[in-house]
Amino acid sequence: MQAFGLFNYWVVVLLMMTGLYIVTASPNLIKKIIGLNIFQTSVFILYITIGKVSFGTAPILVDGVSRYSNPLPHVLILTAIVVGVATTALGLALVVRIHSAYGSINESELQNEDAADS
Amino acid sequence: MYIAGIAAVLVTMALTLARAFMGPTVYDRILAVNSFGTKTVLIIALYGYFTGRPDFLDIALVYALINFIGTIAVLKFFEYGDLGRDRPSQPDDI
Amino acid sequence: MDIGSFLINAILLVFLAATAIAVARLQNLFAGAMLFGIYSLLSAGVFVVLDAVDVAFTEAAVGAGIATILMLSTIALTGIKHESIPIRPLRSLLLVAVVGAALIYGTFDMPRFGDAEAPAHQHVALRYLQQSGDEIGIPNVVTSVLASYRGYDTLGEVAVIFTAGIGVLCLLGGSRRRRTDPADKS
Amino acid sequence: MQLLLDAISWICLLSGGFFVVAGGIGLLRFPDFFTRLHAASVTDTLGTGLILLGLMLQSGFSQASVKLILILVFLFFSSPTAAHALAKAALHGKLVPFVKR
């Protein structure tokens, strides 16, 4: 059973790398933001995995339970989720603005247009 | 006994995911996402009972609400081409 | 180890990985956004199984709800529904393979799943769990840490959200007026 | 009495699980969108209702039961509405129902 103890981390690494692949390989800006979100969620899962204690329960105090999971990663991730959505909204607003200025959200087309302008 | 229910819901989740990946039309994917949302509500409710702390059903409740609102928003996007601008549906929108 | 929780968690994580890879392979942006909705739902399911109920609550309301709708409305506003072929996929794959291998190598030193002796559980968290009931007086430890012990963090978070909101308004508030004249797009 | 309630709740949970899985198989195997919609939405309402009913019998009169009833009522209204909206959108989107000749 010890060997499976690292399974969560491996899936987290897989998700992280999927997000990184989307961000680097996809030319489309909306797809890049989706990739960024996938990456972000994998970090959340990493933190929550660290906070889990076997046979512990959620850190909401009740009588007769003495083993709780660690509440600190939960607090950090709670903040991170909200900030993450705020940055996603800002990124998507930038995409909309770029589209209305250039007429395209394809990275290579944008670079071509910039090169033609200068 | 709860574990049997959880197993059934997990199997259904796998089937629904397969439909969402194959999709042929976009409507199939929306249907799969909607159905998947219901399964998530179920698994959260069942897991609460499985671990003996059923006081976290609020999450399932929020999921049921979000799922419905999400589906309706998506469908509005598809019928009118955007999320609810006030104009009649035009055939070239989709 | 807590086998029931671990198995459910593992199955949900496998679904999560499959969904992420499907998002990476799909060319249709709309389908990608829909699958991202499933991805959010699944990750919130994982949070519930790993005892982070407050995180799951936030992820449900914010991640699955708002983020997906924001993506869909961006797709609607730009009108672009398909992406073109990936640029330099081999170079990206190489980068991903190297970084992934390094990270996997790094995981071997991590504490095992659910280890109660892990360093993360030894410091301030223990104090929060034992004292916050008396000091703050509410049962939910996450809320006491968020709003009391680390209240300044939350204040900073609110400042970030406020800035992002102002940024979005600045970016989009002007563009609507400009779009009334489509002729000068050239 | 407790044993009877437990037995009924188990039957509810098991049959609910069966219906949910049946709906999943239908969603995967049926030939076109409208048949899949039929399979998914009908069994969703029944299977979900049965599972939630089974859980309700387990907790008796408590706060958890009230929340379960709220979830049940909500799904009872929202699930058919979503299915109807989907079918309408698909018809508007020029999707032709599959008819066997």
Side-chain angles (χ1 to χ4, degrees), chain B residues 1-2 4-20 22-28 30-32 34-35 37-39 41-42 44-46 48-49 53-58 60-65 67-72 74-80 89 91 93-94, chain D residues 6 9-10 12-14 16-30 32-34 36-37 39-41 43-45 47-48 50-52 54-55 58-59 62-68 70-75 77-79 81-83 85-90 92-95:
Chain B
M1 191 47 59
Y2 301 125
I6 291 179
V9 176
L10 281 176
V11 168
T12 318
M13 273 181 155
L15 297 169
T16 315
L17 265 187
R19 177 47 69 198
M22 297 195 301
T25 66
V26 181
Y27 301 105
D28 286 297
I30 301 174
L31 172 64
N34 183 35
S35 168
T38 321
K39 301 303 172 306
V41 173
L42 277 182
I44 290 173
L46 281 165
Y49 279 84
R53 292 194 75 179
D55 33 343
F56 305 136
L57 285 168
D58 312 270
L61 196 55
V62 171
Y63 268 77
L65 282 161
N67 192 30
F68 177 63
I69 294 168
T71 307
I72 296 299
V74 170
L75 289 173
K76 271 198 90 76
F77 166 77
F78 246 76
E79 247 189 313
Y80 302 115
S89 163
D93 268 340
I94 291 171
Chain D
D6 263 2
S9 128
W10 289 356
C12 280
L13 276 174
L14 282 184
F18 169 76
F19 281 118
V20 166
V21 173
I25 293 172
L27 181 66
L28 191 64
R29 299 279 302 165
F30 275 3
D32 87 322
F33 169 72
F34 291 97
R36 281 173 212 143
L37 177 68
S41 65
T43 55
D44 247 20
T45 316
T48 312
L50 280 171
I51 287 183
L52 291 180
L55 291 181
Q58 285 287 332
S59 50
S62 64
Q63 202 189 3
S65 274
V66 176
K67 287 176 194 164
L68 282 172
L70 277 177
I71 296 174
L72 191 58
V73 167
F74 201 78
L75 284 178
F77 285 108
S78 73
S79 177
T81 313
L86 252 172
K88 189 162 155 253
H92 280 206
K94 317 260 182 321
L95 215 63

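Throughout, a chain's letter reflects where its sequence line sits, starting with A, and its residues are numbered from 1.
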Do the ring planes of B:Y27 and D:F33 sit parallel (below 30°), tilted (30 to 60°) or perpendicular (above 60°)? tilted

Output, in order, the C-alpha distance, side-chain angles, deciding distance and verdict of side chain to side chain contact (heavy atoms under 4.5 Å, CB included) for D:L27 and B:L15. CA-CA 8 Å; D:L27 181 66; B:L15 297 169; over 6 Å; no

Which atom names give the shortest non-hydrogen contact between D:F30 and B:R19, and what distance separates them? O-NH2, 4.3 Å

Heavy-atom distance under 4.5 Å to chain D: side chain of B:L42, backbone, both or neither? side chain

Shortest non-hydrogen separation from B:A60 to D:I71 and the atoms involved: CB-CD1, 3.6 Å

Quick check on B:L46 against chain D: is it the side chain, the backbone, both or neither that has a heavy atom closer than 4.5 Å? both

Please determine, among D:T48, D:D44, D:L55, the option with the most heavy-atom pairs under 4.5 Å with chain B. D:L55

Sort out for me which of D:L28, D:T81, D:L68 touches chain B most, counting heavy-atom pairs under 4.5 Å. D:L28

What part of B:N34 is in contact with chain D, defined as an atom under 4.5 angstrom from a non-hydrogen atom: side chain, backbone, both or neither? side chain

Chain D heavy atoms under 4.5 Å from B:A45: which part of the residue, side chain, backbone, both or neither? both

Side chain, backbone, both or neither of B:L57 within contact of chain D (heavy atoms, under 4.5 Å): both

Between D:G16, D:A64, D:S78, which shows the greatest number of heavy-atom pairs under 4.5 Å with chain B? D:S78

CG of B:L65 to CG of D:L75: how many Å apart, nearest 0.5 Å? 9.5 Å

Region of D:I25 in contact with chain B, defined by heavy-atom distances below 4.5 Å: both

One pair to check against side chain to side chain contact (heavy atoms under 4.5 Å, CB included): D:S79 and B:T38. What are the steps and the verdict? CA-CA 9 Å; D:S79 177; B:T38 321; 5.6 Å; no

So, the part of B:N67 with a heavy atom under 4.5 Å from chain D: the answer is neither

Contact class of D:L13 relative to chain B, heavy atoms under 4.5 angstrom: side chain

Atom of D:L14, atom of B:A4 and distance for their closest heavy-atom approach: CD2-CB, 4.0 Å

From D:R36 atom CZ to B:L31 atom CG, the distance as rounded to the nearest 0.5 Å: 8.5 Å

With a 4.5 angstrom heavy-atom cut-off, is it the side chain or the backbone of D:F19 that approaches chain B, or both, or neither? neither

Please rank B:V11, B:D58, B:I6 by heavy-atom pairs under 4.5 Å with chain D and give me the top one. B:D58

First locate atom CG of D:L37, then atom CD1 of B:I30, and finally report the distance between them rounded to the nearest 0.5 Å. 11.0 Å

With respect to chain B, which residue among D:A40, D:A22, D:S59, D:S9 yields the maximal number of heavy-atom pairs within a distance under 4.5 Å? D:S59

With a 4.5 angstrom heavy-atom cut-off, which part of B:T71 approaches chain D: side chain, backbone, both or neither? side chain

Which region of B:M13, side chain (C-beta onward) or backbone (N, CA, C, O), has a non-hydrogen atom less than 4.5 Å from a non-hydrogen atom of chain D, or is it both or neither? neither

